[in-house]
There are 2 protein chains.
Amino acid sequence: MRQIIEERTGSYSRRPQPVETQGSSLRVAAHTTVLHEGDPARRIMEVVDGAVMLTKLLPDGRRQVVELLGPGDVFGLAHADAYACSAETLTPATIATHERSALERDAVLAARLLRRFEAQLCVMHSHALVLGRMSALERVAFFLLRLMPESMVGSTLHLSMTRQEIADFLGLTLETVSRAFSELKRRGFVALLRADEVRIQDRGSMRRLAGAA
Amino acid sequence: MRQIIEERTGSYSRRPQPVETQGSSLRVAAHTTVLHEGDPARRIMEVVDGAVMLTKLLPDGRRQVVELLGPGDVFGLAHADAYACSAETLTPATIATHERSALERDAVLAARLLRRFEAQLCVMHSHALVLGRMSALERVAFFLLRLMPESMVGSTLHLSMTRQEIADFLGLTLETVSRAFSELKRRGFVALLRADEVRIQDRGSMRRLAGAA
DNA sequence: CGCCGCGTTGAGTTGTATCAACGTTGGTGG
DNA sequence: CCACCAACGTTGATACAACTCAACGCGGCG
């Protein structure tokens, strides 16, 4: 669809710094596929700004959103030199890219990625618990808490995902996600200003539902 | 239960090498809990030999086996300075441990962990697809293929997990896992010599079931 | 032998998927 | 400005896969 991507090389074009690698930076529109599952994995990427989702497909078309990424998160991982997931922007985004070979040369970059990978692996562990052991209502409560940092308590959250995308992330159908939203609203745990504008009313009950996430 | 752990310091006790970190090595019996979810995360660990599973618990006791680890795999990851998962051996195992501070000093170690984290993150992505989108039969087929490397085609696989542990890994109940094994046997895709001895008879059909894993 | 943990199988229940209709919103063009 | 349309969301009725509860089988060990 809207594949508006503009690329520009790193700020230090004059003398290529050995530490600040020759990574370039992409500015990408919302709903743009940045890379495709199975393509040769040449570069590794970091979300600088915006939101990105990683997806995997089964041959018959079933889809799983395997990870939701925000600023600092890393993607473009490879299994057998091919990208393991597709990556699609949820919002307009800025993405930094690095040659894979840069990892060996640039220790600072490698250290940053190591810390990030650890954090993302922990998040994946939590997500496995969600997908493997939680009910639909619990999954949606968990999802909303995950998107709503402690800080912004009373404020309203904008969802940049459709019901189908949320369903594909939580291992549900879009109808079940919709019913779960309605049920949370009915119980007074959340308020839906619009379909994509949510306010959490009762954080305690939500946390109890989500298993003290 | 059987908490037979013997610890010994690294081989270079004389002059402590700056690169080969002061990691110690554990010899651990099967069915031993090596670390507990929530404990302060002081050390990072590598499986040298044997098999280890990482688990997470919900307050009401529901359990998810989030990862299965073999030689080379890394665990002991921290979220907010606490272990994110418990780790339990499935077989007798040898485990190398490193102080977390060693990561900053030892570039070789850091590079190895980075590669491992990338691989383990990819595996977790696949597992999210399994947990979110696959049927019970597909999950069990996927599980068996994952344990049976391409190389050993005709040979027999020893499962070191109970039906309950497999169920907790695949997000199912032990009865459903048992029925799936029976169904795979009925279809002639696998042979069950004993409950924990499996031979894959029809790898093609298994791969088709598991979505060309 | 007889117990105990683990596995299998059956019968009935339930949560989520599926299928289908209807509602809402935002954009476009008459 | 309003009518129309398309995409997204909600809600209801029904179906079905997996869960739950329960009985039974089997193998290893004291």
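Proteins come first, then strands; the chains are lettered A, B, ... in the order of their sequence lines, and each starts at number 1.
- As a whole-Å value, the separation of B:Arg163 CZ from D:dC19 P is 15 Å.
- The distance between atom CG of B:Leu192 and atom P of D:dC26, rounded to the nearest whole Å, is 15 Å.
- The closest side-chain heavy-atom distance from A:Arg199 to A:Met148 is not below 4.5 Å.
- Using a 4.5 Å cut-off on side-chain heavy atoms (C-beta onward), A:Phe181 and A:Val198 make contact.
- Between the CZ atom of B:Arg62 and the C1' atom of D:dT20 there is a distance of 15 Å, given to the nearest Å.
- One interatomic measurement links the two molecules: CZ of B:Arg179 to C1' of D:dA17, which rounds to 11 Å at whole-angstrom precision.
- Residues from residues 50-59 of chain B with heavy atoms under 4.0 angstrom of DNA chain D: there are none.
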Result block: side-chain N/O donor-acceptor pairs under 3.5 angstrom for residues 121-129 of chain A, not counting sequence neighbours:
from: A:His125; atom 1: NE2; to: B:Glu67; atom 2: OE1; distance (Å): 2.5
from: A:Ser126; atom 1: OG; to: A:Cys122; atom 2: O; distance (Å): 3.4
from: A:His127; atom 1: NE2; to: A:Phe169; atom 2: O; distance (Å): 3.0

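- The list of side chain to side chain donor-acceptor pair (under 3.5 Å) pairs with a residue in residues 52-61 of chain B, not counting sequence neighbours, reads B:Asp60-B:Arg62.
- Counting to the nearest Å, the C1' atom of D:dT10 and the CG atom of A:Asp196 are 15 Å from each other.
- With a 4.5 Å cut-off on side-chain heavy atoms, A:Leu144 and A:Leu159 count as touching.
- Under the 4.0 Å criterion applied to side-chain N and carboxylate O atoms, B:Arg115 and B:Glu118 are not assigned as salt-bridge partners.
- At least one side-chain heavy atom of A:Leu90 sits less than 4.5 Å from a side-chain heavy atom of A:Leu68.
- Put simply, the residue from A:Leu35, A:Leu69, A:Val34 that forms a side chain to side chain contact (heavy atoms under 4.5 Å, CB included) with A:Ile95 is A:Val34.
- Counting heavy atoms from C-beta on, the side chains of B:Gln64 and A:Val130 never come closer than 4.5 Å.
- Distance B:Leu174 CG to D:dA22 C1': 13 Å, rounded to the nearest Å.
- Rounded to whole Å, the distance from CD on B:Glu175 to C1' on D:dA23 is 12 Å.
- For A:Pro71 against A:Gly50, the heavy-atom pair with the smallest separation is CD-O, 3.6 Å.
- Listed in residue order, the members of residues 164-173 of chain B having a heavy atom less than 4.0 Å from DNA chain D are B:Gly171, B:Leu172, B:Thr173.
- With a cutoff of under 4.0 Å to any heavy atom of chain B, the contacted region of DNA chain C is bounded 5' to 3' by C:dG7 to C:dA11.
- For the side chain to side chain donor-acceptor pair (under 3.5 Å) condition, no pair includes a residue of residues 77-93 of chain A, sequence neighbours left out.
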